[in-house]
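The structure appears below as structure tokens.
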Amino acid sequence: MTIEYLPHTADIRMKIGGSSVEELFQAGVIGMGNILKEGFCDKNKSSNIKSKIEIVALDQTCLLIDLLSEVLSTSYSEKSIFCKVLFTKFTRTKAVVEIYGTRVEGFNEEIKAVTYHEANVHKDNHGNWETLVIFDI
Amino acid sequence: MKIKKEDIHKIEDFLWEIPKTFHPKMRVPARVLASEPLLDAIMEDRSLVQLVNVASLPGIQGASLVMPDVHEGYGFPIGGVAATLYPDGAISPGGIGYDINCGVRLLTSDQKITDIKDKVEALSKELYAQIPSGMGKGGQIKLSSQEMDEVLLRGAEWAVENGYGIKDDLAFIESNGKLENADPLLVSEMAKKRGTDQLGTIGSGNHFVEVDYVEEIYEDDIAKAYGLYKGQVVVLIHTGSRGLGHQVATDYIRQIMSAMPDYNIEVPDRELACVPFNSKEGQNYYKAMCAAANYAWCNREVISWEARTAWANIFGPTVEPLKLMYDVAHNIAKVETHLADGKEVQMIVHRKGATRAFGPGFEELPENYKAVGQPVIIPGSMGTCSYVMAGAAKSHEITFGSCCHGAGRRLSRTAAKKQVNAPVLKEKLREKGIFVEAGSFKGIAEEAPIAYKDVNLVVDTVNDSGIAKKIAKLRPVAVVKG
């Protein structure tokens, strides 16, 4: 699993990678959690809150962005940061997942939204899955 | 797509055009309002590629436009205007942005900076104490479900009627602080939940409350009409619809993207997702956007109440309360009438990081401002200066009654953090007489002046292009940030 943060004039451009689509999605959730509070998911391995999310999307890229959007909304509504995803059902356009996280007092960064801009879930030359994700800050 | 300087033609002073022939998907030309040095700076990121993409929107009128403070966004550039034909041209949530009705308001005082200089530090601390800022901090108001629906329907009026605002303010807010088409039923429960405790909060990022003084007046008569004079202390507020607005935009971009095939619409970037304004999906989004815009106006009214409380706590309860000069949105879509090919046409004007700048004579303007034009408030970067401008008639000819909205970002947040030592910057600003109260040093570094274009160049370009006139320059003395 790889997570990199690349330059963007006003927002945050994140590049994520994984050996499977599930690992790519997990990288997205961790990468977002680490933005909400710097390094949070790298340090916090336990959890005290879980939530279930069901997503039906137009395609695999939308499935990732829509899932991250749902995780973000749940983070704000539950004042929690989620770092772990368990997949119950997972196809190219549908996901049923349980997300696990930790309640927090506040966040260091306000992510307004997870955008579709530049997102494209695909395999790289080595057969690993990757995409960019732009967060509106 | 690569845009080279030779692809861009100067069509008049400060106005540049990428012709419709540049790309087969363009329905209209793409235009840039800028001086040549600013145009060169704009070409350093992907703003113009995004502008060309906007020119492909169904029903777009005249030209897709960017202001001199433009920078790269995600789909639409930030600092852009797109007007589509009413009623069946496109409405695109991305053309408004996730922070629906992000905007600014300016409150004026009857105090001069020379008289209150020794109380500025105490005032900055009191503003920080009264106005919740930063992430995860809720406000003093917890809305019930019924109260939330009333806020979404009535905007700033709700704050006034519930003791968090002043009735006289309403006439000095764009659209009187309430869009009539709002429908709370079209705002999701998640959006409402996120907004329950966020009224009266500024959030983080580039949002702030700032105390300034009027350093310079450029047009005496108009400044007088706005109630501004040299040396006067004023309070500037910049924020929007908070998590509620972000959620409305997220919900509807997803819905509209799914609906596009029903209308045979394809866009070059998913963040340009759009449907006809008069379609069911278009109307649902528009009514939800109006509700979120109302929440934002209510939010800025409640923040003003908090600022007025801080003001009274420092200067005493008998001091004249802060008076609203004007409140204007810079992320919104409105149905307006403008010129297209010399004819007056009704349009859906999308402003994303662009301020309405109506010239003299418009019906909606407050009586005191009808003869001089609408105040346009342009916040600069932290520690530099901000401006009050007046909308001018030419804005209707070339920018659909719009103007810039700030200095415009030039450095990424990461680059700013690498280049700026926040504690040192805070101390340097203090030495210059600017007190900064912020939730974190990270926020100070990311919003350092070095991260932004020179607001003076942006404002001079707008002034010289004729779409708005410089009226007053504001110099900060205290900044409250998340």
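So that the names make sense, note that chain A is the first sequence line, chain B the second, and so on, each numbered from 1.
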- Among B/Gly243, B/Gly205, B/Ser258, residue most engaged with chain A (heavy-atom pairs, under 4.5 Å): B/Ser258
- Task: Please examine the side chains of B/Tyr74 and A/Asp136, heavy atoms only from C-beta on, and report whether any two atoms are closer than 4.5 Å.
- Result: yes
- Message: Take a 6.0 Å sphere around NZ of B/Lys142 and say whether it holds more than 12 heavy atoms from other residues, nucleotides or ligands.
- Response: yes
- Whatever's closer than 4.5 Å to a heavy atom in chain B on A/Asn120 counts as neither
- Non-hydrogen atoms of chain B under 4.5 Å away: do they reach the side chain of A/Leu58, the backbone, both or neither? side chain
- Note on the structure: chain A shares the most heavy-atom pairs under 4.5 Å, among B/Ala451, B/Gly73, B/Ser440, with B/Gly73
- Item | Part of A/Val114 within contact of chain B (heavy atom distance under 4.5 Å) | backbone
- Task: In sequence, state the C-alpha distance, the side-chain angles, and the governing distance for B/Arg254 and A/Tyr116, and then conclude on side-chain contact (heavy atoms from CB on, under 4.5 Å).
- Result: CA-CA 10 Å; B/Arg254 196 185 297 176; A/Tyr116 299 95; 3.7 Å; yes
- Note on the structure: The reported gap from CG in B/Asp251 to OG in A/Ser73 (rounded to nearest 0.5 angstrom) is 7.0 Å
- Note on the structure: One should read off an interatomic distance between B/Arg194 CZ and A/Ser75 OG, to the nearest 0.5 angstrom, of 9.5 Å
- Run the salt-bridge test on A/Arg13 and B/Glu72 with the 4.0 Å N-O cut-off and return the result as yes or no. yes
- Message: More than 12 heavy atoms of other residues, nucleotides or ligands under 6.0 Å from NZ of B/Lys418: yes or no?
- Response: no
- Query: Without hydrogens or angle criteria, can the side chains of A/Glu109 and B/Ser204 be said to hold a donor-acceptor pair below 3.5 Å?
  - Reply: no
- Could you tell me whether A/Glu118 and B/Arg270 make a salt bridge, using a distance below 4.0 angstrom between a side-chain N and a carboxylate O? no
- Test item: A/His8 and B/Arg413 side chains (from C-beta on) under 4.5 Å apart, heavy atoms: no
- Query: From B/Met257 CE over to A/Ile65 CD1, what is the distance, rounded to the nearest 0.5 angstrom?
  - Reply: 9.0 Å
- Message: So for atom CD, which belongs to B/Gln419, do other residues, nucleotides or ligands contribute more than 12 heavy atoms lying within a distance under 6.0 Å?
- Response: yes
- Item | Heavy-atom proximity to chain A below 4.5 Å, by part of B/Glu446 | side chain
- Item | Interface moiety of B/Glu189 toward chain A, non-hydrogen atoms closer than 4.5 Å | neither
- Indicate the atoms forming the closest heavy-atom contact of B/Lys442 with A/Asn108, along with that distance. NZ-O, 3.4 Å
- Query: Who among B/Thr250, B/Asp269, B/Ile78, B/Thr414 has the most heavy-atom pairs with chain A under 4.5 Å?
  - Reply: B/Asp269
- Comparing B/Gln247, B/Arg410, B/Met190 against chain A, the one with the most heavy-atom pairs below 4.5 Å turns out to be B/Met190
- Check whether any side-chain heavy atom of A/Lys112 sits under 4.5 Å from a side-chain heavy atom of B/Arg242, and report yes or no. no
- Query: What's the spacing between A/Asp11 CG and B/Tyr98 OH if we round to 0.5 Å?
  - Reply: 10.0 Å
